[in-house]
Amino acid sequence: DSDDFKDFYPLSVMETGGEIFNVWVLRMIMFGLYITDEIPFKDVYIHGYVMAEDGSKMSKSIGNVVNPQHIIERYGSDALRMGIVSGRKAGVNQNYSPAKFTSGRNFCNKLWNIARYVEGVVGDSFELRSPQPKSAADHWIIRELDAASSQVATMLEEYRFSEAYETVYHTIWDKMADWYLEASKTALEPSVMVWALETCLKLAHPFAPFVTEAIWQTLDWEKSMMISSAWPERVNYDVDAADSFEKATKLISEVREVLSVVGTNDIALISNESKLTKEFNELIVKLTKVGYIEQAQESDGLRLTSTTDNVWLDLSADELQVYKSRLERRLEDIEKSVHALEHRLSNQGYIAKAPEALVDESREELQQAQNQAEHLRHQLKHL
């Protein structure tokens, strides 16, 4: 008959460890039904345990416990939060890993750096307005952040915290920082850049609430607190423009990979009336550091496989052989991984005894390895 009972019964979710499921969670359900005729919570989230670095259970008597306050003092509270969430499946124990706190701290630094760059580019006099995409990169980042917003919202509703965090991490680091901000240096649209920054902060906020709120307070055009802002809403974009920029990123990535193997940048990129290289000429030269782009009907160099356009890198016979040998070694290593994963998944004992999340992870690793192997075979076929 208390206000607490009226406000908090039943709860939406009960979070607990698996070992007390029978002795505590089921009893709560039975007593709740006995006394109120209502189940006390809608969902039960069973987390894994943070184990010691060697995989043993943390124990004060053994002396292998870790004081989280010390981690906060060294890495920050957001880094601790992200380090615990990263790579953690529901119900699966995971070892304590300082490297993940370092990664979380680096991600916080990346958020600060992105914000400083955007604020420096758009200036203090920027007035907040709806994004007005102009370049292909503008349309692409809107599409990527829109997709991430939808995916993360669904994952959080389904308690898939680790997957949500990984989506946020790679969207902000790989797509926002590595691609969009670099592309914006050749075609700046402040309204899209600011929208992209704020969307990134909103996506990261559930995992890094303190640093994102602190960054939000530095934005001259924002007057309210971030925690009271709305989740990102859908913004219209041009699908064809977004697709063309996606194709450009794949071409640039392949060129970078090849040049890193052969060890030189002073090479021509040859094109036979490629729309892609014409549209993104400046961006390709800037991000790959190829010597120049020229037009020709044919070339004896390396035919690039990331695009259906006729595009080559003007490599010598010796450079082609170096690149081919590297691909063959990578293919051999990946095929060994595929064989090992197939052997593991064909073991019925492993399927029966291993946690379902680990089995799913092995299947995902196998699929990725098979895709990588197929991609390498495709590249070698065109050499």
Side-chain angles (χ1 to χ4, degrees), residues 75-76 78-79 81-83 85-86 99-123 126 131 133-149 151-152 163-216 218-219 222 226 232 235 237 242 245-257 260 280 282-289:
Y75 299 99
D78 285 339
R81 187 181 180 99
M82 290 183 285
V85 170
S86 176
K100 292 190 175 182
F101 304 132
T102 301
S103 176
R105 182 182 60 189
N106 292 344
F107 184 62
C108 291
N109 290 338
K110 178 64 73 172
L111 289 171
W112 274 110
N113 291 337
I114 291 172
R116 286 195 188 101
Y117 174 78
V118 172
E119 289 179 282
V121 170
V122 304
F126 175 81
K134 295 179 180 177
S135 69
D138 290 336
H139 291 281
W140 177 80
I141 195 62
I142 289 174
R143 183 183 72 180
E144 297 305 306
L145 289 175
D146 179 69
S149 299
Q151 292 166 6
V152 171
E163 294 172 63
Y165 170 67
E166 295 299 329
T167 299
V168 170
Y169 181 96
H170 290 293
T171 298
I172 294 175
W173 196 298
D174 301 341
K175 297 178 180 179
M176 176 67 175
D178 288 354
W179 285 112
Y180 179 67
L181 292 187
E182 290 300 318
S184 69
K185 294 175 183 178
T186 62
L188 173 63
E189 173 46 52
S191 65
V192 177
M193 183 175 284
V194 167
W195 174 86
L197 168 62
E198 294 199 341
T199 300
C200 287
L201 292 176
K202 291 177 180 180
L203 292 178
H205 188 65
F207 308 96
F210 297 103
V211 69
T212 51
E213 187 69 71
I215 293 172
W216 189 270
T218 70
L219 305 179
E222 282 296 346
M226 181 180 184
V235 175
Y237 61 87
F245 186 80
E246 180 76 25
K247 292 175 183 177
T249 65
K250 292 178 180 179
L251 175 64
I252 290 169
S253 296
E254 185 179 10
V255 173
R256 283 172 168 174
E257 180 185 3
S260 69
F280 297 99
E282 183 182 358
L283 185 66
I284 292 171
V285 172
K286 177 180 176 59
L287 296 187
T288 64
K289 294 183 170 58

Tell me every residue that passes ring-ring contact (aromatic ring centres under 6.0 Å, His included) with Phe207, counting only those two or more places apart in sequence or in another chain. Tyr165
Taking the side chain as everything from C-beta on, heavy atoms only, tell me whether Arg143 gets closer than 4.5 Å to His139. no
Say you draw a straight line from OG1 of Thr249 to CG of Leu287; how long is it, rounded to the nearest 0.5 Å? 10.5 Å
Quick check: closest heavy atoms across Leu181 and Ala177, and the distance to 0.1 Å? CB-O, 3.8 Å
Heavy-atom closest pair, residues Ala242 and Tyr237: CB-CD1, 4.4 Å
Counterpart residues, side-chain contact (heavy atoms from CB on, under 4.5 Å), relative to Thr171 (two or more places apart): Leu145, Ala148, Thr167
Sequence neighbours left out, what pairs pass side-chain hydrogen bond (donor to acceptor under 3.5 Å, both in side chains) with at least one residue falling in residues 179-191? Lys134-Glu189, Asp138-Tyr180, Glu182-Lys185, Glu189-Ser191
Test side-chain contact (heavy atoms from CB on, under 4.5 Å) on Ser86 and Tyr169 and set out the steps. CA-CA 10 Å; Ser86 176; Tyr169 181 96; over 6 Å; no
Nearest non-hydrogen partners of Val152 and Ala164, listed with the distance: CG2-O, 3.9 Å
Does atom CD (Glu282) have a neighbourhood of more than 12 heavy atoms from anything else shown, all under 6.0 Å? no
Could you tell me the separation between the CG atom of Asp78 and the CD atom of Glu213, rounded to the nearest 0.5 Å? 11.0 Å
For Lys289, give me all partners under side-chain contact (heavy atoms from CB on, under 4.5 Å), at least two apart in sequence or on another chain. Asn265
Please list, chain by chain and in numerical order, all residues satisfying salt bridge (charged side-chain N to carboxylate O under 4.0 Å, His left out) with Arg105, sequence neighbours excluded. none
Might you point out which heavy atoms bring Ile172 and Phe107 nearest each other, and give the distance in Å? CD1-CZ, 3.8 Å
Show your working on side-chain contact (heavy atoms from CB on, under 4.5 Å) between Asn106 and Tyr75 and close with a plain yes or no. CA-CA 9 Å; Asn106 292 344; Tyr75 299 99; over 6 Å; no
So how far is it from Ile215 CD1 to Glu198 CD, rounded to the nearest 0.5 Å? 12.0 Å
To the nearest 0.5 Å, what is the distance between CG on Leu188 and CE on Met193? 5.0 Å
Shortest non-hydrogen contact between Ala115 and Leu197, atoms and distance: CA-CD1, 3.9 Å
Applying side-chain contact (heavy atoms from CB on, under 4.5 Å), can you list everything that pairs with Asp174, at least two apart in sequence or on another chain? His170, Asp178
Any side-chain to backbone donor/acceptor pair from Arg256 onto Leu251? Under 3.5 Å, distance only. no
Just to verify, what does Lys247 make a side-chain hydrogen bond (donor to acceptor under 3.5 Å, both in side chains) with, not counting sequence neighbours? none
Shortest non-hydrogen contact from Ala204 to Val168? CA-CG1, 3.8 Å
Check the pair Asp146, Val235 against side-chain contact (heavy atoms from CB on, under 4.5 Å), reporting the backbone distance first and the verdict last. CA-CA 7 Å; Asp146 179 69; Val235 175; over 6 Å; no
Just verifying a value: how many Å separate Cys108 SG and Met82 CE, rounded to the nearest 0.5 Å? 3.5 Å
Under the side-chain contact (heavy atoms from CB on, under 4.5 Å) test, which residues partner Ala136, sequence neighbours left out? Ala241, Ser244, Phe245, Glu279, Phe280
Excluding sequence neighbours, so at least two apart, what forms salt bridge (charged side-chain N to carboxylate O under 4.0 Å, His left out) with Glu163? Arg160
Pair Ile114-Cys200, side-chain contact (heavy atoms from CB on, under 4.5 Å): steps then yes or no: CA-CA 10 Å; Ile114 291 172; Cys200 287; 5.9 Å; no
Partner set under salt bridge (charged side-chain N to carboxylate O under 4.0 Å, His left out) for Glu222, not counting sequence neighbours: none
Looking at residues at least two apart in the chain, or sitting in another chain, which of them share a ring-ring contact (aromatic ring centres under 6.0 Å, His included) with Trp112? none
Student check: side-chain heavy atoms of Pro190 and Val121 closer than 4.5 Å: no
Euclidean distance, His205 NE2 relative to Phe210 CZ, rounded to 0.5 Å: 9.0 Å
Salt bridge (charged side-chain N to carboxylate O under 4.0 Å, His left out) against Lys202, all qualifying residues, sequence neighbours excluded: none
